Protein chains: 2
Amino acid sequence: MKLSEGTEWAIHCCSLLANLPPDFALPKSRLAEFFDLPEDYLAKFLQELSRAGLVKTSRGPGGGYQLAKPAGQINVLEIVQAVEGDQHFFQCTEIRRCGPSGVADKHYKKPCGIARTMHRAEAAWRAELAAVSLNEISQMGAEESPQEQIEKSLSWFESVM
Amino acid sequence: MKLSEGTEWAIHCCSLLANLPPDFALPKSRLAEFFDLPEDYLAKFLQELSRAGLVKTSRGPGGGYQLAKPAGQINVLEIVQAVEGDQHFFQCTEIRRCGPSGVADKHYKKPCGIARTMHRAEAAWRAELAAVSLNEISQMGAEESPQEQIEKSLSWFESVM
DNA sequence: GGCAGGTTACTCGGATAGCGATTGTCCGAGTTGATCTGG
DNA sequence: CCAGATCAACTCGGACAATCGCTATCCGAGTAACCTGCC
C-alpha cells in the first residue's frame, strides 16, 4: 500500500502557494519548474485540488493557481484526500457472512471487530493529518530551509513575478 | 490508496486459527471453504504469513496451517505488515532539493516538515493496530457472532476434524 | 502376525498469466492583454 | 490621440495511451499415511 507521489507534490505546491502574495497566481508551468516536476502530470493533481475547492484557478495571461482559503484554514488531510480520494484504506467485504457458517444478513448488527479495529486506526491517521494546518507546514518549511535556499527562492520569485 | 483485500482475509484466517485446538493444523482448502474464498489466491497470503513467521505449516496428510505463537503474542499490525509489506505509505522523494532553489544535499539535516507530518500520522495508525492482539480480535468475533453462526461453526469444525 | 518397501493421496511453495489503477502525455476550450485600425 | 474590435498568446481542463502492482491461476516439491507383499 502506497500513497500516490502526487500527494507529496500537492502538499509542497500548496505550501509554496501559501508563501505567495495575495492576488498573485502561479501557473502550473512555474510550479513544475520550481520543483522540477513533469508539468503535465502535475497538472492532474492541481486539478484535483481545484475540484476539491482548495485552490482557485484563473485562465489567460497572468492566470494560474492560488489558494482558495487562508493557509490557516486548510489542513493536510484535506490536501491528501483531494488527491487520494476519501475512500477508506480498509474496505470490509463481510466475509464473516460467507461460507458454511454464515447466517442471514439481518443477524449482523454492527461492523465486525476487525473492521472496527482497522477503521479506528485509520481515524487516528486522519486525525493526525487534520491537526496540522498548511500554515504550520509552510512555517516548518521556512524554518528548516538552508539560508541559501531561501535566498535562491526569493530571487527565483523575483524573476517570475 | 487501498489495502489489499488479502489483508482482510489474513486477519480472519488468523482469528479462525486462534480458535483451533493446539496441534491441530487446518489446510488452505478448509480455510478457503470456511470463508468461501478462492483457494489458490488465498494461499498467496497464507504463504506471506508463513514467511513472516506468524503461522507454521506442515505438509502431507493432516498438514496445514496453525499459529506459530499464542494468539496473545500476535498483534494486528504484524498480520497487516506480513501481507502489505512494511514500506511506508508516504515515501519522501525530497523534491525540496530539486529545481532552481535546491542546494547541496549536505545542507538538509533532517526530514522535511511534510515528511515528518506524514510519518507521524502513519505511526499513529501503526500504534492503533499494534495495540490490538489477535486474542482480542478473536474474542470480539466470538462475542458478536449470532448464536446460530457459532453453532454452525462448531458443527462445521466437527466435520473437518 | 509383524515389518519393510513402495505407492498413493494430500499438503505447501513458487512460478506464471490477466486485469485494473496509477502514471504519463496530448490536444482543445476559455480568457486576458496587447495590438491594430478607424474615427 | 482615443475607442473599439480583432488577434494572438497564455492559461486550465478533460480526454487518451503506457506502465506497474494487485489479482488470479497453475504446476511442481515434499511429506505422511496406507497398502501390499514378504519374512
Side-chain angles (χ1 to χ4, degrees), chain A residues 1-10 13 17 23-33 35-68 80 82-85 87 89-91 93 95 160-161, chain B residues 1-10 13 17 23-33 35-68 80 82-85 87 89-91 93 95 160-161:
Chain A
M1 184 174 87
K2 194 168 82 54
L3 285 165
S4 159
E5 57 184 336
T7 299
E8 181 185 6
W9 300 358
C13 285
L17 291 179
D23 299 328
F24 181 80
L26 203 59
K28 71 177 175 189
S29 60
R30 295 301 171 198
L31 277 165
E33 177 194 346
F35 294 112
D36 195 22
L37 299 174
E39 178 177 329
D40 288 328
Y41 187 28
L42 173 63
K44 200 176 179 63
F45 302 109
L46 295 174
Q47 281 175 40
E48 308 277 1
L49 293 176
S50 169
R51 220 169 317 192
L54 297 178
V55 303
K56 59 185 173 186
T57 66
S58 45
R59 286 181 149 172
Y65 294 91
Q66 50 188 312
L67 293 184
V80 172
V83 174
E84 295 287 328
Q87 65 177 356
F89 300 166
F90 181 85
Q91 287 160 358
T93 59
I95 63 173
V160 305
M161 198 166 178
Chain B
M1 183 173 88
K2 194 169 80 58
L3 287 166
S4 159
E5 58 184 334
T7 299
E8 181 185 7
W9 301 358
C13 286
L17 291 178
D23 298 328
F24 181 81
L26 202 60
K28 71 177 173 189
S29 59
R30 296 300 172 199
L31 277 165
E33 177 195 345
F35 294 113
D36 194 23
L37 298 174
E39 178 177 331
D40 287 330
Y41 187 29
L42 174 63
K44 198 177 179 61
F45 301 109
L46 295 174
Q47 280 176 41
E48 308 276 2
L49 293 176
S50 169
R51 221 170 315 192
L54 298 178
V55 303
K56 60 184 171 187
T57 67
S58 46
R59 284 180 151 173
Y65 294 91
Q66 51 189 312
L67 292 183
V80 172
V83 174
E84 296 288 328
Q87 63 177 355
F89 299 166
F90 182 86
Q91 287 161 357
T93 59
I95 62 174
V160 304
M161 198 169 176

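In the text below, chain A, chain B and the rest are named by the order of the sequence lines, each starting its count at 1. This one's a predicted model, so the numbers in the text were calculated from it and none came from an experiment.
- When rounded to the nearest whole Å, the span between CZ of A:R30 and P of D:dC12 equals 11 Å.
- Atoms CG and CG, on B:L31 and B:L17 in that order, are 5.5 Å from each other to the nearest 0.5 Å.
- Across the interface with DNA chain D, nearest-nucleotide mapping of A:T57 and B:K28 shows A:T57 to be the residue nearer the 5′ end.
- The phosphate of D:dG14 (OP1 or OP2) has a side-chain N or O of A:Q47 nearer than 4.0 angstrom.
- Residue A:E48 contributes atom CD, which lies 10 Å from atom P of C:dT22 at whole-angstrom precision.
- Among the heavy atoms of the strands lying under 4.0 Å from B:P27 are primed sugar atoms or P, OP1, OP2 only; no base atom is included.
- Residue B:S4 has a polar side-chain atom (N or O) positioned under 4.0 Å from OP1 or OP2 of D:dT23.
- In this structure, B:L3 atom CG and D:dG21 atom P are separated by 17 Å, rounded to whole Å.
- Judged by closest nucleotide on DNA chain C, B:Y65 is the one of A:G60 and B:Y65 placed further toward the 5' end.
- Going from atom NZ of A:K44 over to atom C1' of C:dT23 covers 8 Å, rounded to whole Å.
- One side chain, B:T93 or A:E8, offers a donor N or O that lies under 3.5 Å from an acceptor on the other.
- Phosphate proximity of C:dC12 to B:S50: absent, as no side-chain N or O sits under 4.0 Å from OP1 or OP2.
- The 5' end of DNA chain D is approached more closely, in terms of each residue's nearest nucleotide, by A:R51 than by the other of A:K2 and A:R51.
- Looking at heavy-atom distances under 4.0 Å, B:G6 makes no contact with the nucleic acid at all.
- Separating the OH atom of A:Y41 from the P atom of C:dT22 is a distance of 9 Å, rounded to the nearest angstrom.
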### Task
Give the C-alpha distance, both sets of side-chain angles, the deciding distance and a yes or no for side chain to side chain donor-acceptor pair (under 3.5 Å) between B:E84 and B:T7.
CA-CA 7 Å; B:E84 296 288 328; B:T7 299; 2.7 Å; yes
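- Rounding to whole angstrom units, CZ of residue A:F45 and P of D:dG13 are separated by 15 Å.
- One interatomic measurement links the two molecules: CG of B:L26 to C1' of C:dC12, which rounds to 14 Å at whole-angstrom precision.
- For the atom pair A:F89 CZ and B:M1 CE, the distance stands at 3.0 Å (nearest 0.5 Å).
- Look at B:S29 and you won't find any side-chain N or O under 4.0 angstrom from OP1 or OP2 of C:dC10.
- Across D:dT11, D:dA9, D:dA32, the shortest atom-to-atom separation from the side chain of A:P61 is found for D:dA9.
- To the nearest angstrom, P of D:dG14 lies 13 Å from CG of A:L46.
- Atoms OG and CH2, on B:S4 and B:W9 in that order, are 7.5 Å from each other to the nearest 0.5 Å.
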